[in-house]
Amino acid sequence: QVRIVESGGGLVQPGGSLRLSCVASGNIYTLYTMAWYRQAPGEQRELVANIARTGETTYTDSVKGRFTISRDNAKNTVYLQMSGLKPEDTAVYYCNARASSLYSINPRDYWGQGTQVTVSS
C-alpha cells in the first residue's frame, strides 16, 4: 500500500500565500512524476502543476508566475508554494504520485485525500 497525504491548506486572504506539502509513504520502490491537482465545487479536477524526478516542471497557465512546485526525493515529498492567491484558486488540492511499489515494478498513480484551500476576504 502506498499512502499519499497532503497538508498545508487553509483560509487565506486574496494576495496571500500558502505552501502545500505532500508526503508519499508505504511500499514504495521508486517515485516518478508527482503532481498537484485541484477541484472546485461543480468543476472537473484539473492539473495545477507537476514535477518529474529530474526536476522538470509544468504548470497550468492560470498559475504560472504565482505557484512553484518542488520536490525532495530523499523525503518522498512534493511541495506547492502558492503566492498572489486569488478567489479563483479556491478548491480542494490533491496530490498525485506515480510510483512503482515493492510488489510490482510497473508504476501506477496514487492519490491523496485532498486539502482545502480557501481564498476569501
Side-chain angles (χ1 to χ4, degrees):
Q1 179 71 40
V2 175
R3 297 183 180 184
I4 308 295
V5 180
E6 306 97 332
S7 63
L11 175 64
V12 64
Q13 295 187 23
S17 300
L18 282 175
R19 189 176 82 151
L20 306 183
S21 299
C22 169
V23 180
S25 63
N27 300 319
I28 300 170
Y29 186 75
T30 303
L31 274 177
Y32 298 99
T33 297
M34 301 182 76
W36 287 98
Y37 288 74
R38 66 185 180 187
Q39 187 168 24
E43 303 291 333
Q44 292 188 335
R45 189 171 300 185
E46 67 169 346
L47 175 67
V48 177
N50 64 19
I51 181 168
R53 187 171 180 84
T54 58
E56 297 177 346
T57 61
T58 59
Y59 298 90
T60 191
D61 287 343
S62 63
V63 308
K64 288 181 179 177
R66 299 189 298 121
F67 292 9
T68 300
I69 189 170
S70 61
R71 66 188 291 165
D72 185 334
N73 290 338
K75 297 181 178 180
N76 290 338
T77 300
V78 64
Y79 306 94
L80 185 68
Q81 178 65 52
M82 305 184 294
S83 300
L85 284 163
K86 305 174 181 179
E88 308 95 274
D89 296 317
T90 296
V92 177
Y93 284 69
Y94 297 91
C95 181
N96 171 275
R98 178 163 293 181
S100 60
S101 74
L102 297 178
Y103 299 97
S104 178
I105 197 66
N106 299 317
R108 53 166 50 90
D109 287 350
Y110 298 88
W111 291 90
Q113 63 186 27
T115 184
Q116 177 72 48
V117 173
T118 302
V119 184
S120 176
S121 60

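If you read the sequence from its start, that first residue is 1, and numbering goes on from there. In this text, all values refer to a predicted model and were calculated from it rather than measured experimentally. Side chains included, hydrogens not; waters and symmetry mates left out as well; all remaining heavy atoms used.
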Beyond-backbone contact of M34 with I69, side-chain heavy atoms, under 4.5 angstrom: no

CG of N96 to SG of C22: how many Å apart, nearest 0.5 Å? 8.5 Å

If you compare all heavy atoms of A52 against all heavy atoms of T33, which two are closest, and at what distance to 0.1 Å? CA-OG1, 3.9 Å

Where do Y93 and E6 land on the side-chain contact (heavy atoms from CB on, under 4.5 Å) test, with the steps shown first? CA-CA 8 Å; Y93 284 69; E6 306 97 332; over 6 Å; no

Calculate, to the nearest 0.5 Å, the distance between atoms CG and OG1 belonging to N50 and T58 respectively. 3.0 Å

After noting the C-alpha distance and the side-chain angles of V12 and S17, does the key distance pass the side-chain contact (heavy atoms from CB on, under 4.5 Å) rule? CA-CA 7 Å; V12 64; S17 300; over 6 Å; no

Is it true that Y32 and R53 share a donor-acceptor pair across their side chains at a distance under 3.5 Å? no

Can you find a pair of side-chain heavy atoms, one from L85 and one from F67, that are under 4.5 Å apart? yes

Which heavy atom of V78 sits nearest a heavy atom of S70, and at what distance? CG2-O, 3.1 Å

Rounded distance [0.5 Å steps], OG1 in T68 versus OH in Y79: 14.0 Å

Roughly how far, to the nearest 0.5 Å, is the CZ atom of R19 from the CE atom of M82? 11.5 Å

Least distance between heavy atoms, A35 atom then L47 atom: CB-CD1, 3.8 Å

How long is the gap from OG1 on T57 to CZ on R71, to the nearest 0.5 Å? 11.5 Å

How close do L31 and A24 get, heavy atom to heavy atom, and via which atoms? CD1-CB, 3.8 Å

Give, for atom CG of L102 and atom OG1 of T30, the distance between the pair rounded to the nearest 0.5 Å. 9.5 Å

Do you know the tightest heavy-atom contact between V23 and K75? CG1-O, 4.3 Å

Between R66 and D89, does a side-chain contact (heavy atoms from CB on, under 4.5 Å) hold up when you go through it step by step? CA-CA 11 Å; R66 299 189 298 121; D89 296 317; 2.8 Å; yes

Could you list all the side-chain hydrogen bond (donor to acceptor under 3.5 Å, both in side chains) pairs where at least one residue sits in residues 98-107, not counting sequence neighbours? R98-D109

Can you establish whether the number of heavy atoms outside Q113 located under 6.0 Å from its atom CD is more than 12? no

In terms of heavy-atom contacts, L80 and A49 come closest through CD1-CB, 4.4 Å

Regarding D61 and K64, does a basic nitrogen lie under 4.0 Å from an acidic carboxylate oxygen? yes

